[in-house]
Each structure stands twice: as structure tokens, then as C-alpha cells.
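A quick write-up on the structure given underneath.
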There are 2 protein chains.
Amino acid sequence: MQISKGVEWAVHAASMMVALPEGRGLKAAALAHYHGVPTAYMAKQLQALSKAGIVQSSRGAHGGYRLAKPATDISLWDITAAIEGHGPAFRCTEIRQNGPCGLKRKDCRSPCQIAAAFSSAERAFRDSLKAVTLADIGLQFVRDSEPEHLSDIMHWLESEVMPLSDTP
Amino acid sequence: MQISKGVEWAVHAASMMVALPEGRGLKAAALAHYHGVPTAYMAKQLQALSKAGIVQSSRGAHGGYRLAKPATDISLWDITAAIEGHGPAFRCTEIRQNGPCGLKRKDCRSPCQIAAAFSSAERAFRDSLKAVTLADIGLQFVRDSEPEHLSDIMHWLESEVMPLSDTP
DNA sequence: GTTATTCGGACATTTAATATCCGAATTAGG
DNA sequence: CCTAATTCGGATATTAAATGTCCGAATAAC
């Protein structure tokens, strides 16, 4: 029951994009370098975010990534699901149908209670992550950081940010 | 973010042990056969439950497994943690300390907000599973099953159940 | 004490996560 | 309009983890 490293990277990268000025983007290499992680693997996570409609990508010279919708509409669950998939963590293989006392398919209209309990726990997990948006993360970050640190980030952004055409 | 198959098997096996008469046990091979899964791999999950103090094992002739404490004191989280480990699913690698704007170790006394959000979600998941005990599972199972099916199970138990010495 | 039986940990195999590379697509500039 | 530089996208290796298997250690019955 481990969440892949890609989720952590994707959330940090997306959080960085919150600070981008309108109509501008960051290339995958810049996001990877900023967080000190391998470029190609970070790019893979960004692809997944792009497929999920969380970020927009622009190819070619001066290309890059930016958020595809307002930060208030992107939850941590959206990002987690984009990387890890939407499927349940607990996969019921219906072993109650196996063995000498196995139930017939007909008698299995009601779901296995064990699977139901895990499904309920996962719903609680999802709901908790759905309640936190990138806007929340960004706001908290600004509040809790030293002014000098925020200044450093702004300078880095100015040096790395790329103009990006408005219509991809 | 997948929960291993072993958790499903371990929960089903432990649920079966709820129905055992006092001072009796089931051997790993019987539990595996009953659920239609490989014996050796089922045995591996039972070992993990034994190490965690959830079940008691007795070796040698007429050996087997039984619950180590009342079914009301064993939650689905206890079993999940015994198989999957107690560590968090989201592992914060502190990438905020990396890269050109990396934070110094000193400025990281407060935890990363992203990690905190996932930690909170996992707590909700845990609490949900902690609220369900083997006693609950057993009771619901008896209520929802056809009388004939329960009868089949009782007959199987009588044929497979082994006398087990009281002091392991 | 001997033997049959069962659990326990060490050992392969398969699957998924991690990391990397090269081609496809797009834009900037001439 | 064409060329060249640049960037994303999917296909491809590598490593770690989950899955599955085996044989020795320990125990109880006889």
C-alpha cells in the first residue's frame, strides 16, 4: 500500500504552476531541476497530468506546462488519481466463490462485506484529499514561508518562465 | 496505491477463525484449500498475523492457527497493518530541500503541507478500518447468508477442525 | 526415542514501479 | 514558405516489490 513517488513530484510541480502569470508556462526540465529530480521521469508524471486534463501542454520552442483550470478546481485527489489510476486500492477477487463451500454466482448479489468495509475506508481517504485544492496548498505555502524564500522563488521563476501562446 | 492480495486472504482467513470453538485451530493448508488459494502463500500471510500477535500458532501434529484475542479486539486495520506494514503510504522525500531554491534543514521544522494533507487522509482511512472488527464481519456474515450455506460451512469445519492444546 | 506432522524462514519467479531514450510535433526566425 | 531549434509524447530498459514455492526446524503424538 505505497503511493508512488510520482504523486509527490506531480503535486509539487502543479503547486509551482499556481504561481505562474497568466499565459505563461514552465518546461518539464525546469520543473525537474527546481525539485532536484530526474528530468525524464518528471516529464512522465506531467504527461499523466496532461492526459487527465489537469495541465495544458504546448510543444515546440518556448513550449511548456501550465494549469488547465483554476487552482481552486484541482484537488489533491485529482492529481493522485491521474498518476495512480482511479481503481480501488483493495481489489476483491471474490474468493468467497472458491473452494469446497464456494458461493454460486447467483448468491453474490450483495457485495462481500469485507470489500465493502475497505471501499468505505477508501471513500474517506478520497474525500479527505478532495477537500484540499492547489489553491489551499499555495496559500498556506505563502503564509508559512520566509519572505526571503518567496523572493528567491520569484527570481527563479522570472529567469525560467517562458512566454506561451494562449491557444494551444 | 494497491493493497496486496495477501490482505484480502488474511482477512478472510481470520474471519473464518471467528467461528472456531474454544481451544481448537485450523491448519494453514485447510484455510488455503477452503479459499481456493495456494497453500504456501496463504501460510506466509498467517505467519505475518502470528508475528503481529493477531493469531496464535501451534506447531507439530494437530497444530494450526487460532485467534490470539477476542474478535471484538481485532480490527481490519490491525490485519492490514500486519500484512502491509505500519508505515505511511505517502512517503515525503523532502524534495523542498532540493534544487536551486531548496530550503535549509533549519527552516523545515514545520512539516510539508502536502505531506500533512496526505497524512490526514491516511488517518481517515485508518480510522474507518479501525471501526470494523472481526466480530462485526462475522455477525454480518451470519445474518446475510443462506442457512444452507452456513450449514455447509459448519460441516466443513467439523471435518477439518483440529484439537489444539491450550498452552502453546 | 521415534516418527509423522506442521509452522517458519530462505529461495525463485513474476509483476509493477522507476528511470531513460529517441522520434513526432510545434514554433521562432530567416 | 522553409529551415532549424526546441519541446512534448510514447516506446523502451532497469530496478524494486509483490507473488509464489520450497525445504529445514520445531513440536506433539505414539
Side-chain angles (χ1 to χ4, degrees), chain A residues 1-10 13 24-33 35-52 55-66 68 83-85 87 89-91 93 95 160-168, chain B residues 1-10 13 23-33 35-52 55-66 68 83-85 87 89-91 93 160-168:
Chain A
M1 191 173 56
Q2 299 290 66
I3 294 175
S4 84
K5 221 179 280 191
V7 173
E8 181 188 17
W9 300 2
R24 284 161 175 268
L26 281 165
K27 59 184 179 184
L31 286 164
H33 179 245
H35 294 101
V37 299
T39 300
Y41 196 39
M42 170 63 95
K44 189 171 188 170
Q45 316 307 329
L46 293 169
Q47 279 175 41
L49 294 183
S50 180
K51 278 194 205 167
V55 302
Q56 275 189 351
S57 66
S58 292
R59 300 214 275 200
H62 293 187
Y65 292 95
R66 58 178 159 166
I83 306 294
E84 296 274 330
F90 182 94
R91 299 152 292 174
T93 58
I95 62 177
E160 284 289 349
V161 96
M162 293 290 171
L164 202 63
S165 61
D166 280 350
T167 51
Chain B
M1 191 173 53
Q2 299 290 66
I3 293 174
S4 83
K5 222 179 281 190
V7 172
E8 182 188 16
W9 299 2
R24 285 163 174 265
L26 281 167
K27 57 186 181 183
L31 286 164
H33 179 245
H35 294 102
V37 299
T39 301
Y41 196 39
M42 170 63 94
K44 192 171 187 172
Q45 317 307 328
L46 293 168
Q47 279 175 41
L49 293 183
S50 180
K51 279 194 205 167
V55 302
Q56 276 189 350
S57 66
S58 293
R59 300 214 273 200
H62 294 186
Y65 292 96
R66 57 178 160 167
I83 306 294
E84 296 274 330
F90 181 94
R91 299 152 292 174
T93 58
E160 285 289 348
V161 95
M162 292 290 169
L164 203 64
S165 61
D166 281 350
T167 51

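Reminder, nothing fancy here: chain letters follow the sequence lines and each chain counts from 1.
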Q: For A:Ala28, report the nucleic acid contact type (base, sugar-phosphate, nothing); a contact means any heavy atom under 4.0 Å.
A: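 Touches sugar-phosphate only.
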Q: Answer with base, sugar-phosphate or nothing: what part of the nucleic acid does B:Ala43 contact at a heavy-atom distance below 4.0 Å?
A: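 Result for B:Ala43 = nothing.
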Measure the distance from [atom1] on [X] to [atom2] on [N] and round it to the nearest whole Å.
| X | N | atom1 | atom2 | answer |
| --- | --- | --- | --- | --- |
| B:Ile83 | D:dG20 | CD1 | P | 14 Å |
| A:Gln45 | D:dC8 | CD | C1' | 15 Å |
| B:Glu160 | C:dT5 | CD | P | 14 Å |
| A:Leu46 | D:dG9 | CG | P | 9 Å |
| B:Gln56 | D:dT27 | CD | P | 14 Å |
| A:His62 | D:dC8 | NE2 | C1' | 15 Å |
| B:Leu26 | C:dT6 | CG | P | 12 Å |
| B:Lys27 | C:dG8 | NZ | P | 15 Å |

(Q) Would you say A:Ser57 places a side-chain N or O within less than 4.0 Å of OP1 or OP2 belonging to D:dG9? (A)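 For D:dG9, OP1/OP2 do have a side-chain N/O of A:Ser57 under 4.0 Å.
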Q: Using only side-chain N and O atoms of B:Ser58, determine if any of them is under 4.0 Å from OP1 or OP2 of D:dA28.
A: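 Result: no.
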**Q.** Nearest-nucleotide pick for A:Ala61, side chain only, options being C:dT27, C:dC7, D:dC8
**A.**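 The listed nucleotide nearest to A:Ala61's side chain is C:dT27.
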Q. Out of C:dA28, C:dG8, C:dC7, which has the shortest distance to the side chain of B:Gln47?
A.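 Looking only at heavy atoms from C-beta outward on B:Gln47, the closest nucleotide is C:dG8.
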Q. Do you know the tightest heavy-atom contact between A:Ile83 and A:Leu49?
A.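 Minimum heavy-atom contact is CD1-CD2, 4.3 Å.
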Q. Just how far is it from atom CG of B:Leu26 to atom OH of B:Tyr65, taken to the nearest 0.5 Å?
A.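 One gets 11.5 Å once the value is rounded to the nearest 0.5 Å.
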Q. Looking at OG of B:Ser58 and CZ of B:Arg66, how far apart are the two atoms once the value is rounded to the nearest 0.5 Å?
A.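 If I round to the nearest 0.5 Å, the distance is 5.5 Å.
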Validation: residues 36-45 of chain B side-chain donor-acceptor distances under 3.5 Å, sequence neighbours left out:
from    : atom 1 : to      : atom 2 : distance (Å)
B:Gln45 : NE2    : B:Tyr41 : O      : 3.3

**Q.** By side chain to side chain donor-acceptor pair (under 3.5 Å) - contacts of B:Glu84 (at least two apart)
**A.**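 Here the qualifying residues are B:Ser4.
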Q) Under 3.5 Å, side chain of B:Arg91 to main-chain N/O of A:Ile3, donor-acceptor pair present? A)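 Checking the backbone N and O of A:Ile3 against the side chain of B:Arg91, a donor-acceptor pair under 3.5 Å is found.
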Q: Decide whether B:Thr93 and A:Glu8 meet the rule of one side-chain donor and one side-chain acceptor closer than 3.5 Å.
A: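 Side chains of B:Thr93 and A:Glu8: pair found under 3.5 Å.
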Q | Under 4.0 Å protein heavy-atom contacts per nucleotide of nucleotides 10-24 of chain C, with B for base, S for backbone only and - for none | A | --------BBBB---
Q) Taking for each residue the nucleotide of DNA chain D with the nearest heavy atom, is it A:Lys51 or A:Gly60 whose nucleotide lies nearer the 5' end? A)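 First, find each residue's nearest nucleotide; the 5'-ward one identifies A:Gly60.
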